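Since the structure is predicted, the reported quantities are computational estimates derived from the model, not experimental observations.
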There are 2 protein chains.
Amino acid sequence: MSETDRPLSGDQGLPTATRPVARATMKDVAALSGVSLKTVSRVVNREPGVSAGVRERVERAVTRLDYSHNVHASNLRRSGGRTGTIGALLQDISNSFSASLLRSLEDVARAEDTAVLAASLDEEPDREIALVRGLVARRVDGLVLMPATSRQEYLAAELRAGLPTVFVDRLPHGVDADSVTVDNVLGARHAVEHLVRQGHRRIAVLSDLSTIQTATERLRGYREVLQVAGIPADSTLEVAGLRNPEAAGEAVRRLCRSASPPTAIFAGRNDLAIGAVRTLRALGLAHRVAVVGFDDFPLADLLDPALTVMRQNVAQIGSEVGRLLFSRIAGDTSPPRRVIIEPTLVARGSGEIRPT
Amino acid sequence: MSETDRPLSGDQGLPTATRPVARATMKDVAALSGVSLKTVSRVVNREPGVSAGVRERVERAVTRLDYSHNVHASNLRRSGGRTGTIGALLQDISNSFSASLLRSLEDVARAEDTAVLAASLDEEPDREIALVRGLVARRVDGLVLMPATSRQEYLAAELRAGLPTVFVDRLPHGVDADSVTVDNVLGARHAVEHLVRQGHRRIAVLSDLSTIQTATERLRGYREVLQVAGIPADSTLEVAGLRNPEAAGEAVRRLCRSASPPTAIFAGRNDLAIGAVRTLRALGLAHRVAVVGFDDFPLADLLDPALTVMRQNVAQIGSEVGRLLFSRIAGDTSPPRRVIIEPTLVARGSGEIRPT
DNA sequence: CCTCTTCATGACAACGTTGTCGAAGACGAC
DNA sequence: GTCGTCTTCGACAACGTTGTCATGAAGAGG
C-alpha cells in the first residue's frame, strides 16, 4: 500500500481554505444594507412585516457577505428553543447492526430537520458517561442510548430535567425511560429449539461478556430450552466472554477438537457467528456442524451453507426509536414505554444440518 | 413480527423523564453558593485563583442543582472558540464502506475531544447542499465530505472563510480542498488486468451512474486495459447506471443469458459485486464466471468461491482524513493536499476462475 | 382637519457564558 | 504604621441573536 501526498500544483485560481476571516454577523449585514439588526433578523427568519425593497437589500447584503446564520446564538436567545440535534450512542458504528440502526434513525431525524451526533461506546462504561456529559453540554434535543454501563443512575438528573431519552437494544437499569428492545430470551429459545428439533443434543453456545445484558438473556434462553428438552447442561459447551470473531473462532476450534464435540452451535451475536463459520469452514466442518446466529447481517444468505439466523428487524427498531424519541421531543409526557420486538427465525440451511 | 407496546407498570420510584424544569444556570449556582457568577465560571472551568473553601461550596451547589455547562453560550463568548464538533457527510452510513470510514474518523475525533455529526447523502446533490448549510449554521470545526454534487462551488465561501474541509473518496471540483481518495483508474486496471491474465477476453463491467466520479474512473480503467490488451470494446458488456445489488443482479442475469455471455465480471462497487454473486449463484454459474469486486467487505472471504476484490484500506483512509482535518483545524494553512491511496488486489478465488 | 388604526422599522434588554479590570483584604517588609 | 504585593473575588461588557415594545409614517374614517 503506497501513498502519494503532494502539495497541489495547478488549480491556482480556485477557492481555497484560508485562515478565519472572521465570519460576518447580522451586525455586518445590517451595516451594509443600512438597516437595523432586528430587521436583518426578520429577513433571515422570514418573518413578516418587512417591505419588499428592504428585504431585497438585506438579502443582497447577506449573499455579498456570505452571511451564515449562527444557530447557537439564535438558540441561546430563543427560550426553550431546540438545537435541532440529537445524540446516538451505539456500541460500534462500523458493526452492521449499529450502522443500520443509525441509518434508519437518521432518516427519521432528517424528516424532523434534526442532525445526529453519533459515537461508538465499545462496551466502555466510562466513555458512555463522558459522551453523555458532552451531549448534554451540547444541549441535544434527545438521546438514543445502547448502554455500556450496567446501571444508568448517572442519567437520573438529566431525565428529571426532561431530556428525551430512548434506550435501544438494552433496557435501562436504575432509571426509567423509553426503550426499544428485542425479546432476547424468546429469540434464543426459538433458535435453540430449532436446533433441538433437528435432533441435536450437543449444542454449544457462544456468548459475549456476562456483563452485557443481551448476552446473558440469550444465554438464559439457551439454558431454558435445554432444560425443557431434558438435555443435561454441559458447562464445557457454554463459552462466554467472547469479544470478537477471532475469539469465537478460537472457541469453536477448541470445542470441535474436544473429546465430545458439539453437533450444533448457537452464536449469540452476528460477529460471533461469523467467527464460528470461518473456523468451521477451515476445519471442513461447515456442512457437518449446524449453526444458528443471532442478528442477521448482509450476505448471510450467500454463505455456504447459508446462515440460519434470528433476525431483528433493524430498520423497524431504528424507526421505532426515532418515532418514540421525537414524540417525546414534541412534548409527550406519558409514562415510559417499553417496545419489545420479536425476532424471527430465518432458516437458510446452516441451522437445518442434522447431527451425524 | 409482533410487538408489545405497553406503558410500564412497576418501577414507580425510578427517575423518569419529565417536562423541562428549566435547567440550572451559573446564575443559579452563584445564588445558591453565595458567590458571583464569574467565580462559578472560574470553578467550572478549573481556572486558578479560587480559594479551596469557595471552590468546594460552588461544587456542592453544582451537584445540588445538576448544573450542566452550556457549551454554546460558552463558545459564543469565547472568541474564536471551537464547537468541538465536526460534520461527516458520507454516501450511506449503513454501507460497510461509509460505516467503517465513519468509525475510524470517529476514533480520531474522540482523541481530539470532538463529536461527529454524521449524515447520509444517497447521491442527492440537494441534500448535500442543505446539510452543509446546516453544519455551517452549527459552526462545525471541520467538514468531511463524500460529495454527491458534481461541482462544489457552493462551498467556495465557506472555504474562503476558513472552514477546514476534507474530501474523501471523491475529488473536489470547482473548489480546491484537501482530499483523500483511492486511485480508481489504477485499481480498476489491476482488477481487469488480473482477469485478462487468467485468459478472459469477454469481461463485463458493472458500474454505477456516470455522474459518479469514482464509477467513471473505474470504467475508464477497465477500458484502458481492454485497449492495451487488444480486446475489442463491446458495449453490450458495459452496464452502467446500476444503483443497487438488485439492479446489478438483473444485469448479470441478462448478460449471462445473452448469445455471447461474459466469462468474467468486474463489479465497480461492493454492493454491485454482491448482486452479481447472488445471481451467479442462482444461475449455478458461481464457479464458472470469474468476478472481481471493487471495495472489500466483511465476509467476502467466506463466500464460495471467496470473492477476489480490490481492497481500499478503509481504516487508513479514515484516519488519514481525520489527521488531515485536525491539522487544518489546528491551524495548518499550507496548500491543499491530495492524498491518494492505492488499492490492492486480494485474490481469493472468484477472480482466478479461468474462462471455459 | 383630526383621530385612529395599521404597518414598517428600530432601540433595548435578554439568553448563558467569559474576558477585562478594578476593589478589597491579607500579608510581609520596612 | 505605611507601603507594596498577592490573592481572591465581583461588576460589567461583550459574544450573536431574538422578544418586546416604542416610534413614526401612511392610510382610513369621520
Side-chain angles (χ1 to χ4, degrees), chain A residues 20-59 61-62 65-84 134 136-141 161, chain B residues 20-59 61-62 65-84 134 136-141 161:
Chain A
V21 184
R23 219 171 251 292
T25 70
M26 279 194 177
K27 202 157 107 187
D28 302 320
V29 176
L32 180 61
S33 48
V35 300
S36 80
L37 228 167
K38 178 68 213 193
T39 299
V40 176
S41 169
R42 275 191 268 258
V43 172
V44 168
N45 291 297
R46 288 171 169 59
E47 283 172 28
V50 181
S51 69
V54 170
R55 179 177 301 272
E56 209 208 334
R57 272 218 321 280
V58 171
E59 274 162 356
V62 163
L65 296 175
D66 292 321
Y67 170 77
S68 155
H69 197 54
N70 184 332
V71 294
H72 297 135
S74 173
N75 268 320
L76 185 58
R77 183 55 177 90
R78 280 195 235 262
S79 47
R82 296 191 194 152
T83 54
V136 171
R138 285 183 177 77
R139 295 294 187 268
V140 292
D141 297 332
Chain B
V21 184
R23 218 172 252 290
T25 70
M26 279 193 178
K27 200 157 109 184
D28 303 320
V29 176
L32 179 61
S33 46
V35 300
S36 81
L37 228 167
K38 176 68 212 192
T39 298
V40 176
S41 169
R42 275 190 268 258
V43 172
V44 168
N45 290 296
R46 290 172 167 58
E47 284 172 28
V50 181
S51 69
V54 170
R55 178 177 303 272
E56 209 207 336
R57 272 216 323 278
V58 172
E59 273 162 359
V62 162
L65 296 175
D66 293 322
Y67 169 77
S68 154
H69 197 54
N70 183 332
V71 294
H72 297 135
S74 173
N75 269 320
L76 186 58
R77 184 57 177 89
R78 279 196 236 263
S79 46
R82 296 192 194 152
T83 55
V136 171
R138 285 182 177 79
R139 296 293 186 268
V140 291
D141 297 332

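- Here B:H69 lies in heavy-atom contact (under 4.0 Å) with sugar-phosphate atoms only.
- Between A:L37 and A:A30, the shortest heavy-atom distance links the atoms N-CB, 3.8 Å.
- Of all heavy-atom pairs between A:P48 and A:R42, the closest is O-CD, 4.1 Å.
- An OP1 or OP2 oxygen of C:dT9 is reached within less than 4.0 angstrom by no side-chain nitrogen or oxygen of A:T39.
- Atom NE2 of B:H72 and atom P of D:dA14 are 24 Å apart (whole Å).
- What separates CG of A:L76 from P of D:dT17 is a distance of 11 Å, to the nearest Å.
- More than 12 heavy atoms of other residues, nucleotides or ligands lie within 6.0 Å of CD in A:E47, so this atom counts as buried by the packing criterion.
- For C:dC15, the OP1/OP2 oxygens have no side-chain nitrogen or oxygen of B:T25 closer than 4.0 Å.
- A straight line from CG of A:N70 to C1' of C:dG16 spans 14 Å, rounded to a whole angstrom.
- One atom, NZ of A:K38, and another, P of C:dA14, lie 15 Å apart when rounded to the nearest Å.
- The phosphate of C:dT9 (OP1 or OP2) has no side-chain N or O of A:S36 nearer than 4.0 angstrom.
- In this structure, A:R138 atom CZ and C:dT17 atom C1' are separated by 16 Å, rounded to whole Å.
- The heavy-atom pair separating A:G84 from A:D141 by the smallest distance is N-OD2, 2.7 Å.
- Between the base of C:dG16 and the side chain of B:K27 there is no donor-acceptor pair shorter than 3.5 Å.
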Walk me through whether B:Y67 and B:V40 qualify under side chain to side chain contact (heavy atoms under 4.5 Å, CB included). CA-CA 11 Å; B:Y67 169 77; B:V40 176; 5.6 Å; no

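- In this structure, the CG atom of B:N75 is 15 Å from the P atom of D:dC15, given to the nearest Å.
- A side-chain donor-acceptor contact under 3.5 Å links B:R139 and A:S68.
- Note on A:V71: nothing from the nucleic acid sits closer than 4.0 angstrom, heavy atoms only.
- In this structure, the CZ atom of B:R77 is 15 Å from the P atom of D:dC12, given to the nearest Å.
- We find that CG of B:L37 is positioned 17 Å from P of D:dA14, with the value rounded to whole Å.
- An OP1 or OP2 oxygen of D:dT18 is reached within less than 4.0 angstrom by a side-chain nitrogen or oxygen of A:R78.
- The nearest heavy atom of DNA chain D to B:R55 and to B:A73 marks one nucleotide each, and the one closer to the 5' end goes with B:R55.
- Scanning residues 41-50 of chain A for heavy-atom distances under 4.0 Å to DNA chain D yields A:S41, A:N45, A:E47.
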Should B:H72 and A:L76 be marked as a side chain to side chain contact (heavy atoms under 4.5 Å, CB included) after you check the CA-CA gap, both sets of side-chain angles, and the distance that decides it? CA-CA 8 Å; B:H72 297 135; A:L76 185 58; 6.0 Å; no

